[in-house]
Amino acid sequence: MKYNFNEIETKWQKYWAENKTFKAINNSEKPKYYVLDMFPYPSGAGLHVGHPLGYIASDIYARYKRHQGFNVLHPQGYDSFGLPAEQYAIQTGQHPAITTAENIKTYRRQLDQIGFSFDWSREVRTSDPSYYKWTQWIFIQLFNSWYNNDNNKAEDISSLTTIFSSEGNTNVNAVCDDNIESFSAEEWNAFSSEKQQQILLQYRLTYLAETEVNWCPDLGTVLANDEIVNGVSERGGHPVIRKKMTQWSMRISAYTERLLQGLDTIDWTDALKESQRNWIGKSVGASVTFNVNEHDAVIDVFTTRPDTIFGVSFMTLAPEHELVSQITTPEQKAEVDAYILATAKRSERDRMADVKTISGAFTGAYAEHPFTKEPIPVWIGDYVLAGYGTGAVMSVPCGDERDYAFAKHFNIPIPNIFDGVDISEEAFADKANTKIGNSDFLNGMNYKKATKRAIYELEQMGQGEGKTNYRLRDAVFSRQRYWGEPFPVYYVNGMPQMIEAEHLPIKLPEVEKYLPTETGEPPLGNATVWAWCTETNSVVSNDKINDTSVFPLELNTMPGWAGSSFYFMRYMDPENPNEMASKEAMDYWQDVDLYIGGSEHATGHLLYSRFWQKFLFDKGVVPVDEFAKKLINQGMILGTSAIVYRVSGTNQYVSNGLKGDFEIEEIRVDVNMVNSSDEIDIEELKKWQPQFNDAEFILEDGKYIVGREVEKMSKRWFNVVNPDNICEQYGADSLRLYEMFLGPLEQYKPWNTAGITGVHSFLKKLWKLYVGENGLHVNDATPTKDNLKTLHKTIKKVQEDIENFSFNTSVSTFMIAVNELTAQKCTSKEILEPLLVLISPYAPHIAEELWNQLGNNESVSTAPFPEFDASHLVESSKNYPISFNGKMRFTMELPLDMSKDDIEKAVLGNEKTQEQLGGRTPKKVIVVPGKIVNIVG
RNA sequence: GCUCAAGUGGCGGAAUUGGUAGACGCGCUGGAUUCAAAAUCCAGUUUCUUCGGAAGUGUGGGUUCGAUUCCCACCUUGAGUACCA
């Protein structure tokens, strides 16, 4: 009987689906274990071999945990709202729901053929109304909450209005907008309802505000900070400009400190934690207020070095700073205006790229130093960013490189306030080795002391206070797109109102066109049935809008990260129509034990999810405030592109080895036309694209050899390898083993189809170990010592590997085990049966088939993981390596229970040792028990 | 610029309390089988070598009887971040 992988794999995939082998139950005697993958966005291109890498790893772990007796939750679903489906709809008019459903079908087929142990009964789709009902529900919860700094948690908005109506807002310690006017209880109660709503918006955890946002004209939408890379949009690389718009925002700033501290409680990689820390960007320092001379104005600055306040010799404002026009003197106006114009013309990107050029302008105004009362010139400069801190800095040229360079460039004095430090060449920014001088009451103090004292003095004068600043901004939550969650919001007199939870979901309306309207409104502006009737509590036609009961609905939709910020909780109870998930389900599953996914989500999905989880925890909805205990980032599988070389200006193509003699252009061609020796099939190439139809080829040794380049697997490089082909040719088990065998999980590694024959022939050998020409040749023979040794060292190694996520090395371990057992002619069931359990997480189909052939009726996945017995590995003696002066010379068999002294005697009495020593007496003999004997002569 | 990670055969990669470097696989070489090919099996495969050995884990130092592993400096590559006051 041959190893017919196609037949076996189809058979068992069908069996698992029909028997619901991997269905997880929400209560069990067994301990729970939750293994989660980052769910995919179902793109039109389908899966390539790079996509399943993380899924295979998590599947191995999930199957391993089942063998260990855990009740395992291992779900999968689709992040199915998003831009590509919408852009496809704009081009073709096809409804995104239809294309998305088609894509999901392809994904499901491709995932199924790899043999994952997902519990598909728990599938979620973020674009499904029964799912986004809960996305909308969470939005309403956020709207109805404020953040109380006194007890450090989110509270219901009703507790805030209670305080307002009894004592006003002066004692409220909340995370809210800046510049809130204070009011008394009487004033609050006298405010109109609209005014009250306006004020509450400044406290709510999601709020509507006119803010400066990142507007991407080409995409026709605003973007969050994490969707912008190097000043252009992450998707498509379009330019992004700053623009003031009224938008929904999420008050994630309320959670900065808890998001930071929570990182210490979870087992995520240091790199990932570090990038979240950087993104949050905490810096501790002080805010200082400088009075502007001859103006009724103050400049607030944030500084991390209040200890250097006596070193201030000028101040710098961002060119966009609101005070600039107010304080600029008539003489300086022309220069300042010209500078502002020049910087406005430069794109964000130019400004970032060019950090060396120093530029700025003097406003003519002076501020007053809070202690010395000296006048300080006020400049503007584009090295100060409007978006960070207050958009103004106190410049201390002796202690900051940028201030130093600016001062040098404009000939501003550089007073030295550091004792015994030479600042004639560069600034001294070292906090640790500072002794302050020339600074009145700070003289002689170190950084720590001086900082404390300076803040104290500033507070005494009412000119400043200790302050912590964060880089993390509130997250803009509106998108001007069609294919996203609609907001459960309608407007009465311009004020947003929430639709009551019992009327959710508010389903996405049908539209004729998916593009924004001519007036710049989002695509939902094209909907004709998109108004809310408060009498019937339903969506009605726009033409019924009146002032009393029918109101316009919000036209924006939610961003991509909304639906992915709680899906891991919904998996626990995905069909529940009454709750996001039942309390029993959440109490049972608690959180994700192992989360595997790409590191590109470090500052997006993974930060927002933590934010929502903490909020839902505050509200008592979820039982824990970090959703994933452990997280692993899998690396990427790269493609190996194939390149042909066209001789410039001709239709001739030159082989790789000869290209040096020509002026050439590189053209990437489909890797599937190239064999493992980098030789391309010329006939296929000619047919592949019209430009090659009558091309001529300059060959080497009668062949055309392509060039190779390792890069991201992508359609545009024609280097995509489809898992369908691999499964068909070698089987899913080969694919699974090979993806693991390629290298460490976290690493980036190139795909090379040629290498798969190694793991494939291993599976054939494994099959042959069990099945011969005339059927199964496994019997009840008593295992030999060698059999047991092979089995148990394999158990030990595989278990260690899985627990350390070193899946690549256990594939080698299996190969060695099968080779050894084959050489030992092992037929013993006692050995061969547990071996299948070890292999089944990696290659489940073949394991299931052989397990079944051995006469088991239950799935192999229900079998316990074999127990390791060290006694089979213990030896009575060991080959000790003997070295002379550190050089390995020979080995010597010695009993394991021998004492140190006896080993020394035995070694020195040995003939070979005598030979090595050549009559000399050794100075020293070093014995490391169980390892080595070293003789020093 | 800063932060982090990594540098081992032709290639992917093994090797952790510091103890025989190159496991396992690909590729390559030779052989068996075959009319031939594929498949399969066997042997070999770090480099140099006067066949005794010698050198060898990015480079240069250090600690140690002994270093791929620990320490210092440097070089290279990759990732992240970037005027954050």
Side-chain angles (χ1 to χ4, degrees), chain A residues 229-231 269-275 277-279 281-283 285-286 288 301-306 308 315-316 318 351-358 381-385 387-396 399-403 405-406 429 469-472 599-600 602-603 633 635-636 640 676-677 708 737-738 741-744 746-762 764-765 768 806 808-817 819 879-891 922-926 928 930-937:
Chain A
V229 177
N230 293 329
T269 62
D270 288 337
L272 204 144
K273 288 184 184 182
E274 200 51 34
S275 79
R277 284 194 194 101
N278 287 339
W279 194 257
K282 178 179 182 174
S283 43
V288 185
V301 302
F302 172 75
T303 176
T304 54
R305 297 293 303 272
T308 63
M315 304 193 65
T316 315
R351 245 170 107 163
M352 278 182 179
D354 175 26
V355 299
K356 291 257 150 62
T357 315
I358 295 156
D382 69 357
Y383 81 97
V384 176
L385 303 178
Y388 182 78
T390 60
V393 300
M394 59 176 225
S395 303
V396 184
D400 183 283
E401 271 177 54
R402 292 153 304 168
D403 296 343
F406 196 88
N469 200 48
Y470 298 89
R471 192 184 95 115
L472 183 69
S599 54
E600 66 273 18
T603 52
N633 291 126
M636 204 183 282
T640 313
S676 58
S677 322
R708 292 291 202 172
L737 281 171
Y738 189 51
F741 186 69
L742 275 177
E746 309 83 2
Q747 226 163 72
Y748 281 58
K749 46 209 175 263
W751 176 268
N752 172 18
T753 304
I756 201 171
T757 53
V759 293
H760 186 63
S761 67
F762 154 74
K764 286 197 266 192
K765 283 185 206 164
K768 272 198 200 155
S806 314
N808 54 330
T809 48
S810 33
V811 180
S812 301
T813 309
F814 293 139
M815 290 177 178
I816 294 165
N819 282 340
N879 249 343
Y880 280 78
I882 312 292
S883 80
F884 178 56
N885 278 347
K887 304 245 161 123
M888 302 310 303
R889 295 300 162 126
F890 59 97
T891 61
K923 275 191 209 141
K924 202 158 75 169
V925 178
I926 300 155
V928 182
K931 277 189 180 164
I932 196 161
V933 180
N934 211 317
I935 306 159
V936 187

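In what follows, every chain begins at residue 1, and chains take the letters A, B, ... in the order their sequences are listed. Owing to the predicted nature of the structure, the values given are computational and were not obtained by experimental measurement. The analysis underlying the following values was restricted to heavy atoms, covering all of them including side chains, and did not include hydrogens, waters or symmetry mates.
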Which base sits across from [N] as a Watson-Crick or G-U pair, both distances under 3.5 Å?
N	value
C2(B)	G80(B)
A73(B)	U59(B)
A39(B)	none
U50(B)	none
A15(B)	none
G22(B)	none
U45(B)	G27(B)

Apply side-chain hydrogen bond (donor to acceptor under 3.5 Å, both in side chains) to the pair Thr316(A) and Ser395(A), showing each step before the final yes or no. CA-CA 7 Å; Thr316(A) 315; Ser395(A) 303; 2.9 Å; yes
Is the Trp751(A)-Tyr738(A) ring centre distance short of 6.0 angstrom? yes
Can you check the [X] [atom1] to [N] [atom2] distance for me, whole Å?
X	N	atom1	atom2	value
Glu274(A)	C4(B)	CD	P	8 Å
Gln747(A)	G13(B)	CD	C1'	8 Å
Ile756(A)	G25(B)	CD1	C1'	12 Å

Rounding to an integer number of angstrom, what distance separates [N] and [M] when you compare their [atom1] atoms?
N	M	atom1	answer
U46(B)	U57(B)	C1'	11 Å
A37(B)	G44(B)	C1'	24 Å
A39(B)	C48(B)	P	30 Å
A14(B)	G25(B)	P	15 Å

Under 4.0 Å, counting only non-hydrogen atoms across every strand here, what does [X] touch: a base, just sugar-phosphate, or nothing?
X	answer
Pro750(A)	nothing
Thr813(A)	nothing
Lys765(A)	sugar-phosphate
Asn469(A)	nothing

[N] phosphate, OP1 or OP2: any side-chain N/O from [X] under 4.0 angstrom?
X	N	answer
Arg277(A)	U81(B)	no
Arg402(A)	C84(B)	yes
Asn808(A)	A14(B)	yes

Testing C24(B), A85(B), U81(B) for proximity to the side chain of Phe741(A), the answer is C24(B)
